[in-house]
Amino acid sequence: MSEQPAPTDHARQQLEPAAADGLRAYAARTRANADQFAAVLEDIAENGLPSEEDCTPWEELRETHLARLAAQRPAVA
């Protein structure tokens with residue numbers, strides 16, 4: 001099966017400036033998160049896994065994250 005190029009005669013719909021700015025901000029946050037994750041993986045590759053004493057149990061991380069999410073959400077009466 002041969003690959004055919006996508007048609008180029010379709011006009012692209014432009015975003016509102018605020019939407020484009022929001023999308024750029026999201027892309028920047030995503031890029032920063034990916035860079036941070038890559039740095040952690042490179043550190044593990046270079047130095048090995050950290051000792052258990054230096055790690056936070058996943059249950060504690062989960063509870064902290066759930067508390068953060070609950071604080072962001074307004075309480076229901």
I'd like a table of donor-acceptor pairs (distance under 3.5 Å, sequence neighbours excluded) in which one partner is a side-chain atom from residues 12-22, with atom names and distances.
from	atom 1	to	atom 2	distance (Å)
Asp21	OD1	Arg24	NH1	3.1

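Leu61 CG to Leu66 CG: the interatomic distance, rounded to the nearest 0.5 Å, is 11.0 Å. To the nearest 0.5 Å, the span separating CZ on Arg31 from OH on Tyr26 amounts to 12.0 Å.
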* Show your working on side-chain hydrogen bond (donor to acceptor under 3.5 Å, both in side chains) between Arg68 and His65 and close with a plain yes or no. => CA-CA 5 Å; Arg68 188 180 317 118; His65 184 64; 3.0 Å; yes
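Think of Ile44 as one node in a network of Ile, Leu, Val, Met, Phe, Trp and Tyr side chains linked at under 4.5 Å; its network also takes in Val40, Leu49.
Counting heavy atoms of neighbouring residues, nucleotides and ligands inside a 6.0 Å radius, atom CZ of Arg73 does not exceed 12 of them.
Residue pairs meeting the side chain to side chain donor-acceptor pair (under 3.5 Å) criterion with at least one partner in residues 32-44, sequence neighbours excluded, are Asp43-Asn47.
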